[in-house]
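The analysis underlying the following values was restricted to heavy atoms, covering all of them including side chains, and did not include hydrogens, waters or symmetry mates. Note that the structure is a prediction, hence the values are computed from the model and not measured.
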There are 2 protein chains.
Amino acid sequence: MKISIPIVFIADDDSSVRKGLERLIKSAEFKVETFASAEEFLQRKPYRSGPSCLVLDVRMPGLSGIDLQKELIQKDTSTSIIFITGHGNIPMSVEAMKNGAVDFLPKPFDEKELLSAIIRAIEKSDHIRKNDDERAKINCRVNTLTPREYECLRWVISGMLNKQIASKLGVTEKTVKVHRGRVMHKMQTASVAELVRLAQKCGITPPKK
Amino acid sequence: MKISIPIVFIADDDSSVRKGLERLIKSAEFKVETFASAEEFLQRKPYRSGPSCLVLDVRMPGLSGIDLQKELIQKDTSTSIIFITGHGNIPMSVEAMKNGAVDFLPKPFDEKELLSAIIRAIEKSDHIRKNDDERAKINCRVNTLTPREYECLRWVISGMLNKQIASKLGVTEKTVKVHRGRVMHKMQTASVAELVRLAQKCGITPPKK
DNA sequence: TACCCTATTGGACTAAGGTCCAATTTACAC
DNA sequence: GTGTAAATTGGACCTTAGTCCAATAGGGTA
């Protein structure tokens with residue numbers, strides 16, 4: 001059983017806004033951390049104890065909110081973003097949404113609106129986290145495969161028979177059976193069906209004939 | 001080989017805008033059709049010869065652009081939407097993007113911007129179409145399965161052995177083999193690996209143990 | 001009632017997958 | 001040079017999967 005505590009980050013250069021938001025969000029039983037700039041947020045070590053979201057002011061001195069969003073896309077984090085802004089415009093909001101923001105709220109906004117956006121953002125983050133976790137676990141197993149085993153895995157998930165794989169690899173059917181057995185063992189799967197699903201989850205594709 | 005001609009629909013109540021857009025988009029070698037209202041567009045029989053997108057004015061008398069978008073989400077069409085607007089606001093653009101719009105352009109916009117959005121929209125539509133097509137084909141096969149065969153399919157893609165499936169269904173292993181053979185034949189697959197992939201594409205899930 | 005579809009099973013095989021033990025070869029690191 | 005990991009193969013066996021032919025039984029329709 002893994003602990004999973006959601007957290008809401010706030011990044012805004014206006015301290016009164018930070019305090020107001022912090023009070024509001026804490027009242028909704030969320031853990032909160034505030035930052036006065038994008039740079040300050042980037043300093044923080046990645047949060048790993050649960051899903052997270054960032055309530056982010058679009059316009060700030062230094063790195064802007066939009067810039068920060070782009071930074072965060074690079075480092076693959078599960079933190080979902082909600083923008084708030086006093087002086088936004090349509091192209092800005094559209095760009096933010098295209099880049100995966102959960103919401104974009106012009107001030108003044110309804111408190112309920114923000115809280116509902118936060119809930120959606122946390123759910124999205126949680127979803128991403130779970131997927132990432134699963135993929136990471138599978139990749140750990142994949143990394144224990146030798147090159148030949150990996151190659152073999154790809155042919156197996158293509159649905160080929162051992163004898164066909166053998167001829168592809170230029171070895172005997174016997175050898176393929178051994179590799180295949182080791183693949184199943186290392187991947188901790190009991191059936192080809194499971195193997196196909198695992199492979200799919202971490203983007204391993206069957207070779208083209 | 002299937003013909004695939006992209007088309008761009010335009011829905012705007014202002015006829016001068018329609019004409020201007022039509023000229024522009026035709027100059028980019030796209031087939032174009034124009035509509036003076038959302039209702040008029042809904043009248044049109046669904047376009048099936050290729051990918052399509054809709055350049056849509058947000059504000060129109062009668063059904064608005066946003067309303068039309070919601071309508072189109074219901075009827076599952078592959079038509080992707082690009083909004084254009086003279087008097088939009090942020091919440092409107094955010095809502096449109098949340099609902100899957102490819103872009104949201106306030107007037108006046110750069111012609112290149114619109115054309116690039118159209119290209120992205122057509123690509124997206126094409127992608128959706130291809131997925132839908134594939135799913136439809138698979139579903140045709142699935143629909144030829146008898147209830148028992150379908151049940152059997154779900155157990156097979158869970159990776160279970162024939163004897164295990166047999167005990168789940170309360171029949172002999174022999175019977176499972178027969179069903180299973182028919183499933184493979186009807187689904188036109190030669191391996192469990194392929195079967196798993198097909199099932200996944202049309203949302204068939206393995207039963208929980 | 002005759003007919004068809006579905007579901008079920010048996011017999012008799014054939015082929016494919018998987019495992020245990022053992023051995024050889026090669027490449028690369030210490 | 002010795003050791004280790006990877007790749008390869010053989011033999012012997014057992015388990016699964018898949019197929020052909022044949023047969024029975026129940027439900028529903030023309």
Just checking K137(A): does its NZ atom have more than 12 heavy atoms from other residues, nucleotides or ligands closer to it than 6.0 angstrom? no

Annotated protein contacts, base or backbone, on nucleotides 23-30 of chain C with a non-hydrogen cut-off under 4.0 Å, one of B, S, - each: --------

State, to the nearest 10°, the angle formed by the axis through the first five base pairs of the helix from dT1(C)-dA30(D) to dC30(C)-dG1(D) and the axis through its last five. 40°

Where at least one partner belongs to residues 112-122 of chain B, residue pairs that pass side-chain hydrogen bond (donor to acceptor under 3.5 Å, both in side chains), sequence neighbours excluded: D103(B)-R120(B)

State, yes or no, whether a side-chain contact exists between I138(A) and M187(A) at a heavy-atom distance under 4.5 Å. yes

Check against side chain to side chain contact (heavy atoms under 4.5 Å, CB included), T175(A) and L169(A): CA-CA 10 Å; T175(A) 307; L169(A) 299 183; over 6 Å; no

Set of residues satisfying side chain to side chain donor-acceptor pair (under 3.5 Å) with respect to S78(B), sequence neighbours excluded: S125(B)

Inspect the surroundings of CD in E111(A) and state if more than 12 heavy atoms from other residues, nucleotides or ligands are less than 6.0 Å away. no

Determine yes or no for a side-chain-to-main-chain donor-acceptor pair under 3.5 angstrom, with R197(A) supplying the side chain and I157(B) the backbone. yes

For D12(A), is there any backbone N or O sitting under 3.5 Å from a side-chain donor or acceptor partner on R18(A)? yes

State whether D132(A) and R135(A) are salt-bridged, where the test is any N-O pair (Lys NZ or Arg NE/NH1/NH2 against Asp/Glu carboxylate O) under 4.0 Å. yes

Return no unless some side-chain N or O of H179(A) is found under 4.0 Å from OP1 or OP2 of dT8(D). yes

Positions of residues 145-153 of chain B (non-hydrogen atom under 4.0 Å from DNA chain D), listed by number: none

The answer to which of T144(B) and V171(B) contacts DNA chain C further toward the 5' end, by nearest nucleotide, is T144(B)

According to salt bridge (Lys or Arg N to Asp or Glu O under 4.0 Å), does anything in residues 149-164 of chain A pair up with another residue at least two apart or in another chain? List the pairs. R148(A)-E151(A), E149(A)-K186(A)

What residues, two or more places apart in sequence or in another chain, satisfy side chain to side chain donor-acceptor pair (under 3.5 Å) together with K26(A)? E22(A)

Pair listing, ring pair (Phe, Tyr, Trp, His ring centres under 6.0 Å) test, anchored in residues 36-58 of chain A, at least two apart: F9(A)-F41(A), F35(A)-F41(A)

Ignoring hydrogens and angles, tell me if any N or O in the side chain of D126(A) forms a donor-acceptor pair with the backbone of I122(A) under 3.5 Å. no

Among pairs that include at least one residue of residues 43-56 of chain B, which meet salt bridge (Lys or Arg N to Asp or Glu O under 4.0 Å), considering only residues two or more places apart or in two chains? E33(B)-R44(B)

Show every donor-acceptor pair shorter than 3.5 Å between a side-chain atom in residues 49-70 of chain B and any protein atom, with sequence neighbours excluded, or say none if there are none.
unit_1 : atom_1 : unit_2 : atom_2 : d
S52(B) : OG     : T79(B) : OG1    : 2.9
S64(B) : OG     : I66(B) : N      : 3.4
S64(B) : OG     : D67(B) : N      : 3.1
S64(B) : OG     : D67(B) : OD2    : 3.1
D67(B) : OD2    : S64(B) : N      : 3.3
Q69(B) : NE2    : A96(B) : O      : 3.1
Q69(B) : NE2    : N99(B) : O      : 3.4

5' precedence on DNA chain D between T175(A) and K186(A) (nearest-nucleotide basis): K186(A)

Going 5' to 3' through nucleotides 10-18 of chain C and flagging B where a protein heavy-atom sits under 4.0 Å of the base, S where only the sugar-phosphate is that close, and - otherwise, we get BB----SBB

Can you give me the N/O atom pairs linking the protein to nucleotides 24-30 of chain D at distances under 3.5 Å, or say none if there are none?
none

